[in-house]
Amino acid sequence: MNELTLHPNVYQTGASKGLVGLLERLWVREHTPGEGTIYIISGFANYNGGVRFYDVFRRHIDNGGRVVAFLGGSTSQRLSSKQVVRELLQSGAEVNLINRKRLMHAKSYGVCTGDGEKLIVTSGNFTGPGMSQNVELSVLLDSATAGEMDFSWEGMTQAMLGQRWDIHRPDIANPDDPAWQLLYDEEDRGLVLDESDEATMVVRLGHADTARIMAIPGTSAYKGSQYFWLSKDAFGFFPPLTILNRRGYKSTYSTMITMNFVDLGREEEVRVTFEADNNLDFRLGTGPLRGTQLAQDGDIAAITRRREGSYELRIYRDGTPLHTALTRYAISFIGHRGKMYGYLSNSEFDEVIGLRNARGARIH
DNA sequence: CGCACTGGGTCA
DNA sequence: TGACCCAGTGCG
């Protein structure tokens, strides 16, 4: 069946809620690892755009399948990152970088197997924000429809390769390959945030988020790790999750960020983890809050991204005026226990909490 | 000892 | 079965 989605959570005609859901249908639910070829076409690409699927690609390739990607590349613009290309190449994917004066701006994803051709035509790039945060329109065309209009992935990709375009295939073994210069380094923590990335996430905390915060040291409730569970739609809100797990056998992708625990007056390094191979949990480590009694079920946490890897965390207790003021930004329901979350710009957040007046001047 | 891991639960 | 929810174990 064909499907259309306008994400995040705006409109959908079928069961899938957004681009990631459509991709899961094509590449996971309706696909057997090793069968046929997976295709990726995107002008922009970063690590978190693919983090849901690297495991899927690896398993597919290990079982004899192919993954073919066409990504934008440029020496002057930040189109695709070294990190996403390295990860794709390491899993065995074939990556073509298209360097054009006029951007390769198409976005399409799909698969070709013995069952036929399927494709998604979308505005969503292979990036964290494109996959979930931005408003993006996507259409999935099933094999019957693709067959009806005579679409072929092989035909389209061969036609792309036949253009007089500047196409590069970076060599994973050779860091001096000039093709790498078409890619940017997204792990440069000195990167200045785009204004649209200067955002604050507000999330209504639940029991699981606060049980260890409320626990008494020495009790069993105090044991284990202290996390806030976030929506996996929040990939785009964090730096690339490029750290792979060392110990376990279930792959996880994580990153370390600097978190200023404003209520503690303390800054700590904490880990953000995506449990790709366990239960798809997306967790923010908040260990320093353990046992502090600073947050309980129903309170609001505000997580403010100030720089690429620097964040601030503030807790607003249920029943306080600022809790009420911030709750109206938590507009998306997630999970099945009434958790809600949402975003607002940092300038708006600063104004709400009184760090800044309506004219944007900082208040001391 | 804290937290990276584990592996269930639960509802749509 | 996807995506949060939950309660630990045991490693370093």
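Below, chains carry the letters A, B, ... as their sequence lines are ordered, and counting in each starts from 1. What you see below is based on every heavy atom in this structure, not just the backbone, and it leaves out hydrogens, waters and symmetry mates. The structure displayed is predicted, hence computed values, not measured ones.
Judged by atom type and distance alone, A/Asp277 does not reach the base of B/dC5 through any side-chain donor-acceptor pair under 3.5 Å. Residue side chain A/Asn279 does not reach the base of C/dG2 through any donor-acceptor N/O pair under 3.5 Å, judged by distance alone. With hydrogens and angles ignored, a donor-acceptor pair closer than 3.5 Å exists between the side chain of A/Tyr227 and the base of B/dC5. For C/dT1, the base has no donor-acceptor partner in the side chain of A/Arg25 [N/O atoms by modelled type, under 3.5 angstrom].
Note on A/Glu275: a base of the nucleic acid sits closer than 4.0 angstrom, heavy atoms only. Contact annotation for A/Tyr249: backbone-only contact, meaning every heavy-atom pair under 4.0 Å involves sugar-phosphate atoms and none involves a base. Counting any heavy atom pair closer than 4.0 Å across all strands shown, A/Gly287 reaches sugar-phosphate atoms only and no base atom. Using a 4.0 Å heavy-atom distance criterion, A/Arg247 is classed as a base contact. Residue-level contact check: A/Ser231 touches the backbone only, with heavy atoms under 4.0 Å from sugar-phosphate atoms and none from bases.
Note: CG (A/Asn278) to C1' (C/dC6) measures 12 Å, nearest angstrom. If you take OH of A/Tyr253 and C1' of B/dA4, they are 16 Å apart, rounded to a whole angstrom. If you measure from atom CG of A/Asp209 to atom P of C/dC4, you get 12 Å, rounded to the nearest angstrom. Rounding to whole angstrom units, CZ of residue A/Arg283 and P of B/dC3 are separated by 14 Å.
Between atom CH2 of residue A/Trp165 and atom CZ of residue A/Phe70 there is a gap of 8.5 Å, rounded to the nearest 0.5 Å.
Positionally, the nearest nucleotide of DNA chain C for A/Asp233 lies more toward the 5' end than for the other of A/Ala211 and A/Asp233.
The shortest distance between the side-chain N/O atoms of A/His207 and the OP1/OP2 oxygens of C/dA7 is below 4.0 Å. Residue A/Lys223 places at least one side-chain N or O under 4.0 Å from the OP1 or OP2 atom of C/dT9. A close approach under 4.0 Å does not occur between any side-chain nitrogen or oxygen of A/Arg212 and OP1 or OP2 of C/dG8. Of the side-chain N and O atoms in A/Arg271, none sit less than 4.0 angstrom from OP1 or OP2 of B/dC3. Contact check, A/Lys250 against B/dC5: no side-chain N or O comes under 4.0 Å of OP1 or OP2.
Checked for salt-bridge contact, A/Lys339 and A/Asp209 meet the test: a charged N lies under 4.0 Å from a carboxylate O.
A distance of 6.0 Å or more separates the ring centres of A/Tyr341 and A/Phe237. Residues A/Tyr343 and A/Tyr329 place their aromatic rings such that the two centres sit no closer than 6.0 Å.
Taking the side chain to side chain contact (heavy atoms under 4.5 Å, CB included) definition, one finds that A/Asn346 meets it with A/Glu198, A/Thr200, A/Thr304, A/Arg306, sequence neighbours left out.
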